[in-house]
Amino acid sequence: QWGPEGITEFAADLEQGFGLLDRPAELSEILTTLRTLTFDIGSSHKKDAHAFVAGLAAATSNRELEQASYYLRVTALHYEEGLSQVDLIINNQSVTQAELKNRLTRIAEVMRRAAESERKAGKYLSKGAKTL
């Protein structure tokens, strides 16, 4: 399951390094895969959703859809921030265990904020769709 709940669960797993903090090579491999599959694609999809909902909001002068588009854009920005943090880990193989844990914690917090933004976007999208 993805969506806000799935993102929150993912953040918890990420914060724990998927149980691979003591195996940095394996963790780096997973982060490299997640870089594209989660952060890059997630950002792209949220940007696309933002553009669609913003266009619909403008065409209908729907305030709730404007709010939904705003929160979709914020969600995309969180994914981009997570992407930049993952890149810092991937591109710096000499990261200490403590620094790695700290970076993963920061990425997890960014993903929790993404989940909250997505939850708010869904709330406004639902309200806005009812008034179309």
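- Grouping the Ile, Leu, Val, Met, Phe, Trp and Tyr side chains by contacts below 4.5 angstrom, directly or via other members, places L83 apart from V74.
- You'll find the side chain of N102 reaches within 4.5 Å of the side chain of R106, heavy atoms only.
- Residues F10 and L77 are members of separate hydrophobic clusters, defined by side-chain heavy-atom contacts under 4.5 angstrom among Ile, Leu, Val, Met, Phe, Trp and Tyr.
- No salt bridge links E64 with K130; every basic N to acidic carboxylate O contact stays at or beyond 4.0 Å.
- Residues L27 and L21 meet the side-chain proximity criterion, which asks for heavy atoms closer than 4.5 Å.
- Counting only heavy atoms from C-beta outward, the side chains of L88 and N92 never approach each other to under 4.5 Å.
- In this structure, V95 is a member of the same hydrophobic cluster as I90, with clusters built from ILVMFWY side-chain heavy atoms closer than 4.5 Å.
- With sequence neighbours left out, L125 forms a side chain to side chain contact (heavy atoms under 4.5 Å, CB included) with V53, L65, A68.
- Applying the salt bridge (charged side-chain N to carboxylate O under 4.0 Å, His left out) test to E29 and every residue at least two apart in sequence or in another chain returns nothing.
- For residues 17-26, the set of pairs meeting the side chain to side chain donor-acceptor pair (under 3.5 Å) definition, not counting sequence neighbours, comprises R23-E26.
- Here I30 contributes atom CD1 and T38 contributes atom OG1; the two are 11.0 Å apart, rounded to the nearest 0.5 Å.
- Sorted by first and then second residue, the ring pair (Phe, Tyr, Trp, His ring centres under 6.0 Å) pairs involving residues 99-119 (not counting sequence neighbours) form an empty list.
- Taking all atoms of both residues into account, the shortest heavy-atom contact from A54 to S69 is N-CB, 3.6 Å.
- Remark: the backbone N or O of E118 is paired with a side-chain donor or acceptor of T75 at under 3.5 angstrom.
- Rounding to the nearest 0.5 Å places OG of S28 at 9.0 Å from CG of L100.
- Residue pairs meeting the side chain to side chain donor-acceptor pair (under 3.5 Å) criterion with at least one member in residues 53-63, sequence neighbours excluded, are N62-T131, R63-E66.
- The closest side-chain heavy-atom distance from R73 to K46 is not below 4.5 Å.
- Residues meeting the ring pair (Phe, Tyr, Trp, His ring centres under 6.0 Å) test with Y71, sequence neighbours left out: Y124.
- The nearest pair of heavy atoms linking L104 to I89 is CD2-CD1, 3.9 Å.
- Checking side-chain atoms of T105 against main-chain N and O of K101 turns up a donor-acceptor pair under 3.5 Å.
- For OH of Y70, the number of neighbouring non-hydrogen atoms (other residues, nucleotides, ligands) closer than 6.0 Å is 12 at most.
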Give every donor-acceptor pair under 3.5 Å between a side-chain atom in residues 107-117 and any protein atom, sequence neighbours left out.
residue, atom, partner, partner atom, Å
R112, NH1, E15, OE1, 3.4
R112, NH2, E15, OE1, 2.7
R113, NH2, E81, OE1, 3.4
E116, OE1, R119, NH1, 2.9
S117, OG, R113, O, 3.2

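- Evaluation of the side-chain hydrogen bond (donor to acceptor under 3.5 Å, both in side chains) rule for T96 yields no partner, not counting sequence neighbours.
- L72 and I7 fall into different hydrophobic clusters, where Ile, Leu, Val, Met, Phe, Trp and Tyr side chains are chained together by heavy-atom contacts under 4.5 Å.
- L37 forms part of a hydrophobic cluster together with I41, judged by ILVMFWY side-chain heavy-atom separations under 4.5 Å.
- Among residues two or more places apart in sequence or in another chain, the salt bridge (charged side-chain N to carboxylate O under 4.0 Å, His left out) test is passed with K120 by none.
- Remark: D48 pairs with no residue by the salt bridge (charged side-chain N to carboxylate O under 4.0 Å, His left out) rule, at least two apart or across chains.
- For the ring pair (Phe, Tyr, Trp, His ring centres under 6.0 Å) condition, no pair includes a residue of residues 25-55, sequence neighbours left out.
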